2 protein chains.
Amino acid sequence: MRIGELADRAGTTTRSLRYYEEQGLLPARRTANGYREYDEDDLRAVNEIRSLLAIGFALEDTRPFVECLRAGNPTGDVCPASVAVYRRKLDELDDCIARLQAVRAQVAAAVERNQGEDSCCKRSPTRTSRTGC
Amino acid sequence: MRIGELADRAGTTTRSLRYYEEQGLLPARRTANGYREYDEDDLRAVNEIRSLLAIGFALEDTRPFVECLRAGNPTGDVCPASVAVYRRKLDELDDCIARLQAVRAQVAAAVERNQGEDSCCKRSPTRTSRTGC
DNA sequence: GCTGGCCTTCACATCGGCGTCAAGGTTTAC
DNA sequence: GTAAACCTTGACGCCGATGTGAAGGCCAGC
């Protein structure tokens, strides 16, 4: 299949696929006219990449999983290198969660201190903003 | 005091202070020669900004706190607008923590599935990478 | 008067994973 | 033959907070 179909089937864009190729994660055969040509294995690789990205892995961290798949394994996570990434991610997640929980506690305490307070303020206008996690 | 001293005392850089000014968070008086001149209130404002940034607030989210301080309040968080930001941040933190915990569980399960496994792989090299939370 | 250490503004670089456009080649359908 | 729908490479834009550097002004001490 060509890049457009692969993108559609994987629920992504051609731009992303070319980017993965550029990063050495998705080498592509070329047809005579220079078009990239992909097969079902490539689709599996892209799905692996996408599902890992979706849970917050960096693209680079998906590499062992993709290589594991390419090596002929049923899934990308049966290889030691993949499991190593998983473990590192677990540590990072634990650190991150702990930090966020500490911040949460700190913010919650601050809210409590200043909630019913008439210790209010003297002026200051209002505004809005956006999210981001 | 001038910008270099303020930066030193606040534990940041002149670049950052100029950026805060550019964002309208830290207006500066100028001396005759064009140098920025700051006082102790400005130091407090910068400290407020820095401590909020340090716990993951966006610069824009520090605005109500700074304005609250500027309005003459003892701390930046006694104003309703500040508390509103706190509350929104709490929600964001809860969402974020929940997502990360879900991911953590998913990754932990995957590690468990593939840990002692001789279901190993067939080849695939090794690599390294870096952190980031 | 000269050196060094401040200060000024302007503006480009960083990181990651793309979006998006430009300018062009190819192939298919009518 | 020509329009439509693919494909190609290349390159700039984005976001946020800041690093970094260039080119120049100002001031204190020697």
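By convention in this document, chain letters (A, B, ...) are assigned in the order of the sequence lines, proteins followed by strands, and residues within each chain are numbered from 1. No experiment lies behind these values; they were computed from the predicted model shown.
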Are [X] and [Y] ion-paired here, with the side-chain N under 4.0 Å from a carboxylate O?
X       : Y       : value
B:Arg29 : B:Asp42 : yes
A:Glu60 : A:Arg63 : yes
B:Glu67 : B:Arg70 : no

Could you list the protein-to-nucleotides 22-29 of chain D atom pairs, N/O on both sides, closer than 3.5 Å?
unit_1 : atom_1 : unit_2  : atom_2 : d
D:dG25 : N2     : B:Tyr35 : OH     : 2.7

Length of the line joining [X]:[atom1] and [N]:[atom2], which is rounded to integer Å:
X       : N      : atom1 : atom2 : result
B:Phe57 : D:dA17 : CZ    : P     : 13 Å
B:Arg63 : D:dG16 : CZ    : P     : 13 Å
A:Asp61 : C:dC15 : CG    : C1'   : 15 Å
A:Ile3  : D:dC7  : CD1   : P     : 7 Å

### Summary
Under a 4.0 Å heavy-atom cutoff, the residues of residues 37-53 of chain A touching DNA chain D are none

### Message
Let's see if you get this right: which residues in residues 4-23 of chain B place a heavy atom under 4.0 Å from DNA chain D?
### Response
B:Thr13, B:Arg15, B:Ser16, B:Tyr19, B:Tyr20

### Task
Search all heavy atoms of B:Ser82 against all heavy atoms of B:Gly76 and return the closest pair with its distance.
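Smallest heavy-atom distance, with atoms named: OG-O, 2.7 Å.
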
Determine yes or no for a side-chain-to-main-chain donor-acceptor pair under 3.5 angstrom, with [X] supplying the side chain and [Y] the backbone.
X       : Y       : value
A:Glu37 : A:Ala28 : no
B:Asp91 : B:Arg88 : no
B:Thr14 : B:Ile3  : no
B:Arg36 : B:Arg18 : no

#### Entry: Test side-chain hydrogen bond (donor to acceptor under 3.5 Å, both in side chains) applied to B:Arg30 - qualifying residues, sequence neighbours left out
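By the side-chain hydrogen bond (donor to acceptor under 3.5 Å, both in side chains) rule, B:Arg30 matches no residue at all.
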
## Note on the structure
Students should find that the hydrophobic cluster of B:Tyr35, defined by side-chain heavy atoms under 4.5 Å apart, otherwise consists of none

### Query
Looking only at side-chain N and O atoms, does B:Arg36 come under 4.0 Å of OP1 or OP2 in C:dC7?
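So the side chain of B:Arg36 is outside the cut-off, no N or O lying under 4.0 Å from OP1 or OP2 of C:dC7.
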
Result block: side-chain N/O donor-acceptor pairs under 3.5 angstrom for residues 46-59 of chain A, not counting sequence neighbours:
unit_1  : atom_1 : unit_2  : atom_2 : d
A:Asn47 : ND2    : A:Leu43 : O      : 3.4
A:Arg50 : NE     : A:Tyr20 : OH     : 3.2
A:Arg50 : NH2    : A:Tyr20 : OH     : 2.8
A:Ser51 : OG     : A:Asn47 : O      : 3.1
A:Ser51 : OG     : A:Glu48 : O      : 3.0

